[in-house]
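Every value quoted in this text rests on a predicted model; they were computed, and no experiment measured them. Residue numbering restarts at 1 for every chain, and letters A, B, ... go by the order of the sequence lines.
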Protein chains: 2
Amino acid sequence: MSSNDRNRTKATMRDVAREAGVAQSTVSHYINKTATVAPGTKGKIREAIRKMDYRPNMVARNLKTRGSNILPLFVPDITNPFYSELAKGVADAARKEGFDIVLYDTGYQRNREDDYLELALRQQAGGVVIGYNLLNDRLWERLEKTHTPSILIDVYPPNNSWSSVVVDNEEGIRLAVDYLYSLGHRDIAYLSEPPYLLPLIKRLREFIRILKVRGLEVRREWILVEKEQMNRVKIGSSLGKKLLASPLRPTAVVTSSDLVAIGALNAFLSSGIMVPSDLSLVGFDDIILASYVYPSLTTIRQPKFDMGQRGVKILMKLMSQVEEHSPMVEIIPPQLIERQSCCARR
Amino acid sequence: MSSNDRNRTKATMRDVAREAGVAQSTVSHYINKTATVAPGTKGKIREAIRKMDYRPNMVARNLKTRGSNILPLFVPDITNPFYSELAKGVADAARKEGFDIVLYDTGYQRNREDDYLELALRQQAGGVVIGYNLLNDRLWERLEKTHTPSILIDVYPPNNSWSSVVVDNEEGIRLAVDYLYSLGHRDIAYLSEPPYLLPLIKRLREFIRILKVRGLEVRREWILVEKEQMNRVKIGSSLGKKLLASPLRPTAVVTSSDLVAIGALNAFLSSGIMVPSDLSLVGFDDIILASYVYPSLTTIRQPKFDMGQRGVKILMKLMSQVEEHSPMVEIIPPQLIERQSCCARR
DNA sequence: GTGAAAGCGCTAACAT
DNA sequence: ATGTTAGCGCTTTCAC
């Protein structure tokens, strides 16, 4: 033991076998429960492992089994609470399946997406979790070409050969509008960050559609869509100010995300507009911040943690199938979370 | 190529060598630039790699080199903005050094800390980044016993054999108090989450000390310290209410963290106390939320992203040294970020 | 129930 | 400048 300490080399399975006086393969069988080992032998091996502070080498195991217990997770920005909550769900579920998650934070940069996918593949990842719509379309091809099972979360699949988990975005918007309608609101505005991704596009479209269905007027000056990519909170505050500047003022506002709602909230409060008494406000996502701001935000919850978990569960199925799998798409129902940013129309 | 496609086996270096008509080791040399390769040979190899869509197998490389290009990062809760920003800095710097980061989110649970360290060691991690003060003290021993170079971030080292990066917490509190003092405030309260970790203890102590130094009165009823571990925002809001209930009211409040400040802000606003006109408020950390709430929060910035980067830089040094290293402790200066939650005493 | 032996894909001496 | 060779630590037949 002291000699083992001194030369500072990690004990290998061979060392354990020698110490226990058995064959290496027997130790392997014992560890992996891949054959029955006699009780006495078990004891000797257990003791040897303890004595030598042995620890299996996953790298060697992975090489031998031509796999990897590493699961790459692609997110555009881990500091965005939406993605950190998603990451938590993914990590949690992955862990239960024996996978460690490697974080690839691309910062919404195409070249990074490219590089990181390359790294993930080199790590011999048997599958990948993609938490947003990659900007680089060519990567879909690369994933297909390399036969890498993938699960898309919060992404509408580029074609029908992909598996994904998405919230029912249209339903979410309906929940928001109908809630405001039930509070007596008839003049409802919509503030949106740049709708360059399908979820955002669907929310916007559905907002317009449902307004018509409910017999409400659709005013162009109440549907404010930012063109420029910038910080979502800034977008919200800029759009909020713009809305206040219009001659007619709505009594309620729906936003494309909580961050936009928070920005708008700032704009309203700093202009002396009280929320909810002067203006009701609904967010989308239910990030943690939504319950932290004052007044706390009524919003449409996307169950991010669950979505992460479900995604991993699906991915595990895809990875275990030897045959080419049929893709699975899971649509998750959103949920209205009532807090303090809405009240009945006066 | 089509046969390669069909049997769906990844090309290995051997395949590339065969295709290019050279020895495997030459391909290895070419890839790792570990020997000069003739231009013509280079071309053949490059072409073979392209043709076969070859990609180095990091698992095999890691086994051979008895290392790992994986760097474990321990955080207690990735959804806490402090840690997600830190993680971003760590990931960013690690990437530049060729490391992928594996996220170990322990959820402040001792047994998970234990399990995850075990996993990290099995992955053959050559070093670890620890982003908070582990609850399980025995893990320090385990890290030492296994000779695993480690960098502690936002942690005061358990003894002088550890390397760490911490912000100067005392200086931070001084910055806050002196700023308020300069605005004319003399009645200053302090709200703290449970100070079970050194950074929190130091902030609390320094607050009391500096108040005395500045000749200000230290009132017990203005120094509110939560005992119970719960959500930081809840703590802030509960402490905020308690503060308002006391007969004497301060004109300014310093908090142990931004999350506590945000909770307090909620409590104040919902009690009709205006910030900053009735009460000035200073946070600690400068998490993104600080600039998102209304009014935006004046706070003491800990440069989390930088701290992550610096930590990795130090760790790389530790890992490259063959000799036992002398630990490096880096004290980072905090910074006062002026926003809207403070104003001059009336 | 246990052991011997053959590699997984790669790096790194060492030769040529 | 390139090739030969010997493992890295493990899993997995296949014997016995």
Query raised in the report: Are Tyr116(A) and Gln109(A) close enough, and set up right, to give a side-chain hydrogen bond (donor to acceptor under 3.5 Å, both in side chains), and what steps lead you there?
Result: CA-CA 11 Å; Tyr116(A) 293 175; Gln109(A) 290 177 250; over 6 Å; no

Query raised in the report: Taking only residues two or more places apart in sequence, or in another chain, which ones meet Glu141(A) in a side chain to side chain donor-acceptor pair (under 3.5 Å)?
Result: none

What is the distance, to the nearest angstrom, from the [atom1] atom on [X] to the [atom2] atom on [N]?
X: Lys10(A); N: dC10(D); atom1: NZ; atom2: C1'; answer: 15 Å
X: Arg18(A); N: dG9(D); atom1: CZ; atom2: P; answer: 11 Å
X: Met13(B); N: dA12(C); atom1: CE; atom2: C1'; answer: 12 Å
X: Ile45(B); N: dC10(C); atom1: CD1; atom2: P; answer: 13 Å
X: Ile49(B); N: dC10(C); atom1: CD1; atom2: P; answer: 10 Å
X: Gln123(B); N: dG9(D); atom1: CD; atom2: C1'; answer: 14 Å
X: Ile31(B); N: dT11(C); atom1: CD1; atom2: C1'; answer: 11 Å
X: Gln24(B); N: dG7(D); atom1: CD; atom2: C1'; answer: 13 Å

OP1, OP2 of [N] versus side-chain N and O of [X]: anything below 4.0 Å?
X: Thr41(B); N: dT2(D); value: yes
X: Thr26(B); N: dG3(D); value: yes
X: Tyr30(A); N: dT11(D); value: no

Please list, one pair per line, the donor and acceptor atoms closer than 3.5 Å that link side chains of residues 21-29 of chain A to other protein atoms, with sequence neighbours excluded.
from	atom 1	to	atom 2	distance (Å)
Ser28(A)	OG	Asn32(A)	ND2	3.3
His29(A)	ND1	Ser25(A)	O	3.1

Query raised in the report: Counting only distance, no hydrogens or angles, is the base of dA12(C) paired donor-acceptor with the side chain of Thr34(B) under 3.5 Å?
Result: no

Out of [options], which has the shortest distance to the side chain of [X]?
X: Thr36(A); options: dT2(C), dT12(D), dG1(C); answer: dG1(C)
X: His29(B); options: dT11(C), dA13(C), dG1(C); answer: dA13(C)
X: Asn32(A); options: dG3(D), dC10(D), dT11(D); answer: dT11(D)

Query - Test: Asp77(B) and Lys88(A) ion pair at under 4.0 Å - result: yes

Query raised in the report: In terms of side-chain geometry, is the basic nitrogen of Arg142(A) or Asp114(A) positioned less than 4.0 Å from the acidic oxygen of its partner?
Result: yes

Query raised in the report: If you pin Ala23(B) and Ser28(A) to their nearest nucleotides in DNA chain D, which one's is more 5'?
Result: Ala23(B)

Query raised in the report: Would you call Ile332(A) and Arg310(A) a side-chain contact if the rule is heavy atoms closer than 4.5 Å?
Result: yes

Query raised in the report: Are any of the side-chain heavy atoms of Tyr54(A) and Lys10(A) separated by less than 4.5 Å?
Result: no

Query raised in the report: In residues 58-66 of chain A, which residues come under 4.0 Å of DNA chain D by heavy atom?
Result: Ala60(A), Arg61(A), Lys64(A), Thr65(A)

Query raised in the report: Which part of the nucleic acid does Ser25(B) contact within heavy-atom distance under 4.0 Å: base, sugar-phosphate only, or nothing?
Result: base

